[in-house]
Amino acid sequence: MEFLDFINSLSMGEKIKYFRNKLGITQKELANRLGYYNKDVISLIETDKRNPGIKSLADIVELINADLSYFGLDKLTLGEKIKYLRESMGYTQIKFAEKIGITNSDLSTIENNCVAPNQEKIKVIAHGLGISVYELKNFNLKSATAKFNFESDKKDFSTLGEKIRYYRKISNLTQKELGEKIGVSASYISALELNKAKKGVNKYLLYQISIALNQDITKQN
């Protein structure tokens, strides 16, 4: 039996157990790395008695050094993207639904791909997640670090902030990581990307950002 056939023959829990054992870490060690206080959580997952959320599953897959495709995480549906990003922000389904002004039932059907949201609802959801519709639709997991992988060579930007955010994400940098590279806080990078930086952006800072992103962001679109 070929390796891929073998992997595909396993349940989700069995796959996690296989790669965990291959890596040589115990259930307790994996639980500790994930921030679980009880190793029994991993035992329940590995015996398919408990299904982790998509964010938790992605974290597990990264820690056990497995390929995303083995767990169906390489090509997320729109609903799965929304659920992953919501969980990454620490929102429960109920709290996020309240935040964006839709019912929990509506959000649940969207996340479970039972209903395709219209464009207006996608805009509302994307806004609640703090990203653009474009970013939401093109989001894919490259690793479990919530970094973005864009498959487009989009070159048109309406604002400088949008340009900075785009090139930061295709460079696989978080706001914190970019901030550390140029000596500013993650909150300042966030303000720049939202075009809300109170002090504006001077030419030297733009030069530093361009170097960090390996992209001249001072050029016109």
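Computation of the quantities below employed the complete heavy-atom set of this structure, encompassing side-chain atoms and omitting hydrogens, waters and symmetry-equivalent molecules.
In this structure a side-chain-to-backbone donor-acceptor pair under 3.5 Å is missing from E180 to E177. A donor-acceptor pair is defined here as one N or O able to donate and one able to accept, closer than 3.5 Å; such a pair exists between the side chain of S210 and the backbone of I217. E29 places a side-chain N or O within donor-acceptor distance of the main-chain N or O of T26, the cut-off being under 3.5 Å. S88 places a side-chain N or O within 3.5 Å of a backbone atom of Y84 that can act as its donor or acceptor partner. A donor-acceptor pair under 3.5 Å is absent between the side-chain atoms of K123 and the main chain of V133, judged by distance alone. Remark: side-chain polar atoms of R50 are not paired, donor with acceptor, to backbone N or O of I45 under 3.5 angstrom. Proximity of a side-chain donor or acceptor of E87 to a complementary backbone N or O of K55 within less than 3.5 Å is detected. Between the R20 side chain and the I64 main chain, no donor and acceptor come within less than 3.5 Å of each other. Looking only at distances, no side-chain donor or acceptor of N104 sits under 3.5 Å from a matching main-chain atom of A97.
Cluster membership check: L23 shares its hydrophobic cluster with L30, using side-chain heavy-atom separations under 4.5 Å among Ile, Leu, Val, Met, Phe, Trp and Tyr. Taking hydrophobic clusters as Ile, Leu, Val, Met, Phe, Trp and Tyr residues chained together by side-chain heavy-atom distances below 4.5 Å, I102 does not share a cluster with V115. Side-chain heavy atoms closer than 4.5 Å link hydrophobic residues (I, L, V, M, F, W, Y) into clusters, and following such links, possibly through other members, connects Y167 to Y188. The hydrophobic clustering, which links ILVMFWY residues whose side-chain heavy atoms are closer than 4.5 Å, places Y207 and L213 apart. No single ILVMFWY cluster, assembled from side-chain heavy atoms under 4.5 Å apart, contains both L178 and I211.
Interatomic distance, Y70 OH to L4 CG, rounded to the nearest 0.5 Å: 6.5 Å. Separating the CD1 atom in I189 from the OG1 atom in T174 is a distance of 10.0 Å, to the nearest 0.5 Å. Taking CD of Q93 as the reference point, atom CD of E98 lies at 11.5 Å (rounded to 0.5 Å). Atom CD1 of I125 and atom NE2 of H127 lie 12.5 Å apart (nearest 0.5 Å). Separating the CG atom in N8 from the NZ atom in K15 is a distance of 5.5 Å, to the nearest 0.5 Å. To the nearest 0.5 Å, the span separating CD1 on I82 from CG on L85 amounts to 8.5 Å.
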Side chain to side chain contact (heavy atoms under 4.5 Å, CB included) for M12 and N51? Distances and angles first, verdict last. CA-CA 9 Å; M12 182 186 71; N51 290 321; 3.9 Å; yes
Test log, rule side chain to side chain contact (heavy atoms under 4.5 Å, CB included), inputs I209 and L192: CA-CA 11 Å; I209 294 173; L192 284 177; 3.9 Å; yes
Decide yes or no on side chain to side chain contact (heavy atoms under 4.5 Å, CB included) for K28 and N32, but give the supporting numbers first. CA-CA 6 Å; K28 184 177 181 180; N32 288 339; 3.9 Å; yes
Begin from the C-alpha positions of I54 and L76 and carry the test side chain to side chain contact (heavy atoms under 4.5 Å, CB included) through to its verdict. CA-CA 10 Å; I54 190 166; L76 301 180; 3.8 Å; yes
Taking it one step at a time, do N112 and S108 satisfy side-chain hydrogen bond (donor to acceptor under 3.5 Å, both in side chains)? CA-CA 6 Å; N112 290 311; S108 178; 3.3 Å; yes
Residues K121, D106; criterion salt bridge (charged side-chain N to carboxylate O under 4.0 Å, His left out); working and verdict: CA-CA 10 Å; K121 192 158 289 186; D106 279 349; 3.7 Å; yes
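F6 and Y18 have perpendicular rings, their planes meeting at more than 60° on a 0 to 90° scale where under 30° would count as parallel. Aromatic ring orientation, Y134 versus Y166: tilted (interplanar angle from 30° to 60°). Relative orientation of the F71 and F19 rings is tilted, given thresholds of 30° and 60° on the angle between their planes.
Between T103 and L107, the closest side-chain pair of non-hydrogen atoms is not below 4.5 Å. Within the 4.5 Å cutoff, side-chain heavy atoms of L78 are placed close to those of I122. In this structure, the side chains of L129 and F96 come closer than 4.5 Å at one or more pairs of heavy atoms. Side chains of R165 and Q175 form no contact here, defined as non-hydrogen atoms less than 4.5 Å apart. Side-chain contact between V61 and D67: absent, with no pair of heavy atoms (C-beta onward) separated by less than 4.5 Å. Counting heavy atoms from C-beta outward, S185 and K176 have side chains that stay 4.5 Å or more apart. Side-chain contact between S11 and E14 is present, with heavy atoms from C-beta onward closer than 4.5 Å.
Residue N118 places its CG atom among more than 12 non-hydrogen atoms of other residues, nucleotides or ligands, all under 6.0 Å distant.
Considering every non-hydrogen atom in both K17 and E46, the closest pair reads CA-OE2, 3.5 Å.
Under the side chain to side chain donor-acceptor pair (under 3.5 Å) test applied with E111, the options K83, R86, K81 reduce to a single match, R86.
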